[in-house]
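One structure below.
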Amino acid sequence: MPELPEVEILARHLRPLLQGRTIQSVKIRQPAVLEPTSPTCFKRQLRGAKFLGLTRRGKYLLFELRAKTSRTRFVLLGHLGMTGRMFLAHKHRPLPKHAAVVLNLGAKNFIYDDTRYFGRLTLDLTPVEKLGPEPLEAAFTPEHLARELKRSRQPVKVKLLDQSLVAGIGNIYASEALFLAGISPRRAANRLTRAQVTQLWRAIREVLGEAIEGGSTIPLNFSVHDSDGLFYYGSAAGEDDFYTERLRIYDRAGQPCLHCHTPVQRIVQAARSTFFCPRCQKA
DNA sequence: CACCATGTTCCTTG
DNA sequence: CCAAGGAACATGGT
């Protein structure tokens, strides 16, 4: 469940579990997720390396490691795509069907599982260089947002998915932020008023911040104890209901708007679903 | 069989 | 060079 808030929650969860652990061996079951890094290069670099830290940038996870022989630091980049999960599990647990990469840490394995294999676990860091500012940090200002939106005639909803504008907003939170800001997703990015830009800026931060808080304070939303007593990100029974209950507009087509009870509309923009209230978010 | 799915990149077109 | 649109990637759920 990977947009910025979910990735942030995962990073906070994994950080203390990985810190100080050494990779004993590496199993690659789906080489495509390493691209453009080769399996040979990947194994050579990771075997014997130790986890020093873990940070997040947009929807990416940056695993900081120290190499075995050279003692040099390097970064392993992770991305969950649409269906990726990363978690620790006891070494004797059977691997999930779509486990793409398994890092043996001794008693436990670090598993990257991804049904559709759209995600990445790679040594290539170039995607991170193209990202815009972090939406919850000081570099993301209303002025930045205004300047970037001015350059585009695309619908504002589509533009919010551009990771070079601001990093971490995905299809769900784009709809959520526009709903909170009371702006139509169809409005051309460069035609928002100054007041709307400020509203949108505020809404983006509120929606993402709230999702991190909500997800991180309620254990059921993000983890469940497996038979080994280990945390497991995702796939908790009842999680989907819980998760969607927190969303105000996404996936609510036909249901009454929480503000005015007008039926929520679903439209398609850039081949992706957008949800909005035609009354609260007028064009 | 149809359509839908939390993402990104590549290719084409203008 | 840039903006914008669409296909591709691969698998599963309804």
Side-chain angles (χ1 to χ4, degrees), chain A residues 1-11 29-37 56-61 77-86 96-101 112-122 124-132 135 147-178 186 188-191 204 207-208 210-212 214-215 221-222 233-236 239-254 266-275:
Chain A
M1 330 179 76
E3 290 185 34
L4 183 151
E6 294 75 34
V7 179
E8 174 62 26
I9 290 162
L10 178 60
R29 303 174 92 216
Q30 179 50 265
V33 304
L34 310 181
E35 288 173 7
T37 304
R56 178 195 56 75
R57 181 79 173 86
K59 301 172 196 172
Y60 291 87
L61 291 164
L77 188 66
H79 193 290
L80 297 170
M82 298 269 262
T83 53
R85 294 173 182 170
M86 294 183 185
K97 183 176 177 185
H98 299 289
V101 179
Y112 164 40
D113 177 56
D114 192 340
T115 308
R116 292 166 77 180
Y117 305 124
F118 282 179
R120 283 289 183 277
L121 198 59
T122 179
D124 172 40
L125 306 182
T126 52
V128 169
E129 296 163 13
K130 301 168 189 166
L131 296 176
R147 206 180 318 123
E148 290 296 312
L149 292 178
K150 272 291 173 233
R151 299 173 43 202
S152 174
R153 276 178 261 182
Q154 277 186 305
V156 60
K157 151 52 160 65
V158 175
K159 201 58 196 165
L160 285 180
L161 300 180
D162 180 349
Q163 303 297 297
S164 71
L165 190 161
V166 54
I169 300 174
N171 204 42
I172 292 175
Y173 294 107
S175 282
E176 293 295 311
L178 287 165
R186 294 179 162 124
N190 64 354
R191 294 193 47 218
I204 288 168
V207 152
L208 297 177
E210 178 187 74
I212 293 171
N221 187 37
F222 115 87
Y233 181 79
S235 86
E239 180 186 344
D240 285 354
D241 290 346
F242 191 84
Y243 184 69
T244 48
E245 267 174 32
R246 309 191 69 76
L247 301 174
R248 297 171 171 90
I249 196 83
Y250 184 82
D251 207 22
R252 287 183 181 265
R266 171 185 179 273
I267 59 172
V268 174
Q269 298 181 290
R272 318 217 40 202
S273 291
T274 299
F275 299 87

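Worth saying up front: this structure is predicted, and the values here are computed from it rather than measured. Every chain is numbered from 1, with letters handed out A, B, ... down the list of sequences.
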[X] [atom1] - [N] [atom2] separation (whole Å):
X	N	atom1	atom2	result
A:Lys130	B:dG7	NZ	P	18 Å
A:Lys150	C:dA3	NZ	P	16 Å
A:Arg57	B:dG7	CZ	P	17 Å
A:Glu8	B:dT6	CD	C1'	17 Å
A:Arg266	B:dA5	CZ	C1'	10 Å
A:Ile169	B:dT8	CD1	C1'	16 Å
A:Phe275	B:dC4	CZ	C1'	10 Å
A:Asp113	B:dT6	CG	P	19 Å

**Request:** Could you walk me through whether A:Thr274 and A:Ser175 pass the side-chain hydrogen bond (donor to acceptor under 3.5 Å, both in side chains) test, one step at a time?
**Result:** CA-CA 6 Å; A:Thr274 299; A:Ser175 282; 4.9 Å; no
What's the closest nucleotide to the [X] side chain, out of [options]?
X	options	answer
A:His98	C:dT11, B:dC4, C:dA4	C:dT11
A:Glu3	B:dG7, B:dA5, B:dT8	B:dG7
A:Phe118	B:dA5, C:dG12, C:dA10	C:dA10
A:Arg153	C:dA4, C:dT11, B:dT8	C:dA4
A:Ser152	B:dG7, C:dA4, C:dG12	C:dA4
A:Tyr60	B:dA5, B:dT8, B:dT6	B:dT8
A:Lys97	B:dT6, B:dT8, C:dG12	C:dG12
A:Arg151	B:dT8, C:dA3, C:dT11	C:dA3

When you compare [N] with [M], how far apart are their [atom1] atoms, in angstrom units rounded to a whole number?
N	M	atom1	result
B:dA5	C:dA4	P	23 Å
B:dC11	C:dA10	P	15 Å
B:dT6	C:dA3	P	25 Å

**Message:** Please identify which of these residues, A:Tyr60, A:Tyr112, A:Tyr117, meets the ring pair (Phe, Tyr, Trp, His ring centres under 6.0 Å) condition with A:His79.
**Reply:** A:Tyr60
**Atom pair CG (A:Leu160) and CG (A:Leu178), whose distance is rounded to the nearest 0.5 Å** = 5.5 Å
**Asked** Closest nucleotide of DNA chain B for A:Gln163 versus for A:Arg116: which of these residues is on the 5' side?
**Response**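 Between the two, 5'-proximity favours A:Arg116.
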**Message:** For a quick check under 3.5 Å, do A:Ser164 and A:Asp162 share a side-chain donor-acceptor pair by atom type?
**Reply:** yes
**Request:** Indicate whether the side chain of A:Lys159 and that of A:Asn190 have a donor and an acceptor atom separated by less than 3.5 Å.
**Result:**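 No - no donor-acceptor pair under 3.5 Å links their side chains.
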Does [X] have a side-chain nitrogen or oxygen under 4.0 Å from the phosphate oxygens OP1 or OP2 of [N]?
X	N	value
A:His79	B:dG7	no
A:Arg272	B:dT6	yes
A:Lys59	B:dT6	no

**Item:** Partner nucleotide of B:dC3 by Watson-Crick or wobble geometry (both distances under 3.5 Å)
**Value:**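 Check on B:dC3: paired to C:dG13, both distances under 3.5 Å.
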**Asked** With both distances kept under 3.5 Å, what pairs with B:dC11, Watson-Crick or G-U wobble?
**Response** C:dG5
**Message:** Within the structure provided, determine whether A:Leu208 and A:Tyr173 are in side-chain contact (heavy-atom separation under 4.5 Å).
**Reply:**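 Heavy-atom side-chain distance check passes, below 4.5 Å.
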**Item:** Is_stacked (A:Tyr117, C:dA10) at 5.5 Å, 30 deg
**Value:** no
